Enquirer: 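Below are the structure tokens for one structure; questions will follow.
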Amino acid sequence: MSFALTEEQIQVRDLVRRVAREKVAPRAAEIDASGEYPQDMFELLRELGLFTLPFPAEYGGSGSTLAGCLAVEELGRVCYNTGYLLVVQWVPLGTILAGGTPEQKARLLPGLASGQLRAAFSLTEPQSGSDVAGIRTRARPDGDGFVLNGGKIWCTNAAVSDFVLVGARLERGDGPGEVNFFIVERDRPGFRVGRKEEKMGARGVPSSALFFDDVRLPKENLLGGGAGGFRSVMEALNKSRPIVAARAVGLAQGAMDHAIEFARGRRAFGETVANYQGIRWMIADMAIQIEAARQLTYAAAAAVDAGTTGAAMASLAASAKCFASDMAMKVATDAVQIFGASGISNEFPINRYFRDAKVVQIIEGTNQIQRNIVARNLIGKAE
């Protein structure tokens, strides 16, 4: 998949880069240290109109996943949490766009695009993270609607969201049926958001458990009316993975930026640390790996914009997410090494990059699952 950045995309990148350096970077350490939701950063992104980027033109966007990747990369370069604010808005977006009814799209997408609405996406349960087939949350038909019971864990953004897209098995007369998705508004009786998890990284965007105790939902809250179910949503998740990869690329770039600055300013044995060949090669390897991941991520995003679907999109998106996040962990680890003892101190920013890099290897499908996707499309299903 070939691609070239358009003039409009370059303008987006340069605008976000400037804003990230001037307004986001000064807040990054405080957001991480306090673990508090950065409402001021959310307002900034809303004022800039960045939530609209991957939306179709009818919702005020450019319809470009690649433009979204550029924005997330530049924000992630200075503050992983602020970049995350875009991602957690865009996953529900893609889900509704892929599987929602015209009424659901009209009701929810304009608010998500403008930032007037916030949403979350919830699949993970205590016994089933990557194993979606193990979902136990149930939706029982009842009159002209449904009754939802069960629980979820690690639902990011739920604590500040207006609604959550919840994966649950729609019960049929002969037992549990297929997984469907339900729109659950925050104020529904019987729906409760649990306490915020204390996380190693990505600390500024809360993750919480969800509890559903006879939550009554109208039929209009079944995503797609039952016709836009699991398969459509999984395709939407494939299309969101390049954006997750872009977070890893931005994080790695920021870690390298800090490592270069530290190496230039630090002296040891009468020499600037940046003069030692061992350090120079470490930084060169960082740059090579980052650029390789960037090109793969952009190619995956361009494939989404070109309309690629199915196994080809799944493999490319999984490759980008897996390679970029493994790369980010490697770069962050080496950057900490360059900092030496200062690297394990909370007083230096590289500590934060290291912790956030570990998170991105796990979220949105662990890298082991990404490898399974690639292998399945190459070899077939395991016996």
Side-chain angles (χ1 to χ4, degrees), residues 1 3 5 13 17 20 28 65-66 68-84 86-87 130 200-202 238 240-263 278-304 313-339 343 349-375 378:
M1 172 61 63
F3 65 90
L5 298 184
R13 183 196 64 192
R17 180 176 295 174
T65 298
L66 181 51
C69 286
L70 295 171
V72 168
E73 179 184 344
E74 293 301 329
L75 292 169
R77 188 172 179 175
V78 300
C79 179
Y80 181 93
N81 289 293
T82 301
Y84 207 178
L86 291 177
V87 179
S130 300
M200 175 176 70
N238 283 338
S240 73
R241 286 200 172 110
I243 295 172
V244 179
R247 293 163 65 191
V249 172
L251 186 154
Q253 182 68 55
M256 186 179 75
D257 292 344
H258 284 291
I260 291 171
E261 182 182 8
F262 184 87
I279 299 299
R280 298 173 74 86
W281 283 8
M282 287 175 72
I283 292 173
D285 283 342
M286 290 180 188
I288 293 165
Q289 293 159 16
I290 291 168
E291 191 57 33
R294 179 178 286 120
Q295 295 300 317
L296 178 56
T297 296
Y298 289 4
V304 174
M313 189 67 248
S315 290
L316 185 54
S319 298
K321 191 273 180 183
C322 183
F323 183 79
S325 54
D326 280 352
M327 175 278 302
M329 189 74 249
K330 174 69 164 58
V331 167
T333 300
D334 286 348
V336 169
Q337 192 71 21
I338 289 172
F339 270 74
I350 202 62
N351 175 295
R352 165 167 48 91
Y353 284 82
F354 180 82
R355 290 183 282 106
D356 288 339
K358 186 70 243 178
V359 174
V360 80
Q361 284 186 300
I362 296 171
I363 60 168
E364 308 295 338
T366 66
N367 284 359
Q368 287 70 30
I369 291 297
Q370 306 311 313
R371 289 178 169 89
N372 282 346
I373 292 171
V374 175
L378 289 172

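Throughout, numbering of the chain's residues begins at 1 and tracks the sequence. Please read all numbers here as calculations on a predicted model, not as lab measurements.
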Enquirer: Determine the minimum heavy-atom distance between Ala324 and Val249, stating which atoms define it.
Expert: CB-CG2, 4.2 Å
Enquirer: Rounded at 0.5 Å granularity, tell me how far CG in Leu316 sits from CD1 in Ile373.
Expert: 12.0 Å
Enquirer: Of the non-hydrogen atoms in Leu251 and Tyr353, which two are nearest, and what is the gap between them?
Expert: O-CD2, 3.3 Å
Enquirer: Would you say the side chain of Val331 lies within less than 4.5 Å of the side chain of Asp334, judging by non-hydrogen atoms?
Expert: no
Enquirer: Which atoms form the tightest heavy-atom contact between Lys321 and Gln361, and what is the distance?
Expert: NZ-O, 3.3 Å
Enquirer: Is atom CD of Gln295 surrounded by more than 12 heavy atoms (other residues, nucleotides or ligands) closer than 6.0 Å?
Expert: yes
Enquirer: Does some side-chain heavy atom of Ile338 sit less than 4.5 Å from a side-chain heavy atom of Met286?
Expert: yes
Enquirer: For residues Ala328 and Ala357, report the shortest heavy-atom separation together with the two atoms involved.
Expert: O-CB, 3.9 Å
Enquirer: Quick one about Asp257 and Gln253 (side-chain donor to acceptor, distance below 3.5 Å, no hydrogens or angles considered), yes or no?
Expert: yes
Enquirer: Which heavy atom of Ala314 sits nearest a heavy atom of Asn238, and at what distance?
Expert: CB-ND2, 3.5 Å
Enquirer: Apply side chain to side chain contact (heavy atoms under 4.5 Å, CB included) to the pair His258 and Phe339, showing each step before the final yes or no.
Expert: CA-CA 9 Å; His258 284 291; Phe339 270 74; 4.1 Å; yes
Enquirer: Do Thr366 and Ile369 have side chains that approach each other closer than 4.5 Å (heavy atoms only, starting at C-beta)?
Expert: yes
Enquirer: Within the structure provided, determine whether Arg17 and Arg77 are in side-chain contact (heavy-atom separation under 4.5 Å).
Expert: yes
Enquirer: Measure the shortest side-chain to side-chain distance between Phe262 and Ile350 over non-hydrogen atoms and say whether it is less than 4.5 angstrom.
Expert: no
Enquirer: At what distance, to the nearest 0.5 angstrom, does OH of Tyr298 lie from CG of Leu70?
Expert: 4.5 Å
Enquirer: Please test Asp285 against Ile288 for side chain to side chain contact (heavy atoms under 4.5 Å, CB included), starting from the C-alpha separation and ending with a verdict.
Expert: CA-CA 5 Å; Asp285 283 342; Ile288 293 165; 4.3 Å; yes
Enquirer: I need the Leu378 CG to Ser315 OG distance, nearest 0.5 Å.
Expert: 6.0 Å
Enquirer: Does a donor on one side chain sit under 3.5 Å from an acceptor on the other, for Arg355 and Asn351?
Expert: yes
Enquirer: Check whether more than 12 heavy atoms from other residues, nucleotides or ligands sit under 6.0 Å from atom CD of Glu291, and answer yes or no.
Expert: yes
Enquirer: Roughly how far, to the nearest 0.5 Å, is SG of Cys69 from CD of Glu74?
Expert: 12.0 Å
Enquirer: List the atom of Asn81, the atom of Ala202, and the distance in Å for their closest heavy-atom pair.
Expert: OD1-C, 3.2 Å
Enquirer: Would you give the length of the straight line joining atom CE of Met282 to atom OG1 of Thr333, rounded to the nearest 0.5 angstrom?
Expert: 9.5 Å
Enquirer: Begin from the C-alpha positions of Ile363 and Tyr84 and carry the test side chain to side chain contact (heavy atoms under 4.5 Å, CB included) through to its verdict.
Expert: CA-CA 12 Å; Ile363 60 168; Tyr84 207 178; 3.9 Å; yes
Enquirer: Is there a side-chain contact between Asn367 and Met329 in this structure, where contact means two heavy atoms from C-beta onward sitting under 4.5 Å apart?
Expert: no
Enquirer: Please say whether more than 12 non-hydrogen atoms of neighbouring residues, nucleotides or ligands are located less than 6.0 Å from CZ in Arg371.
Expert: yes
Enquirer: Salt bridge check, Lys330 against Asp326: does any charged N sit closer than 4.0 Å to a carboxylate O?
Expert: no
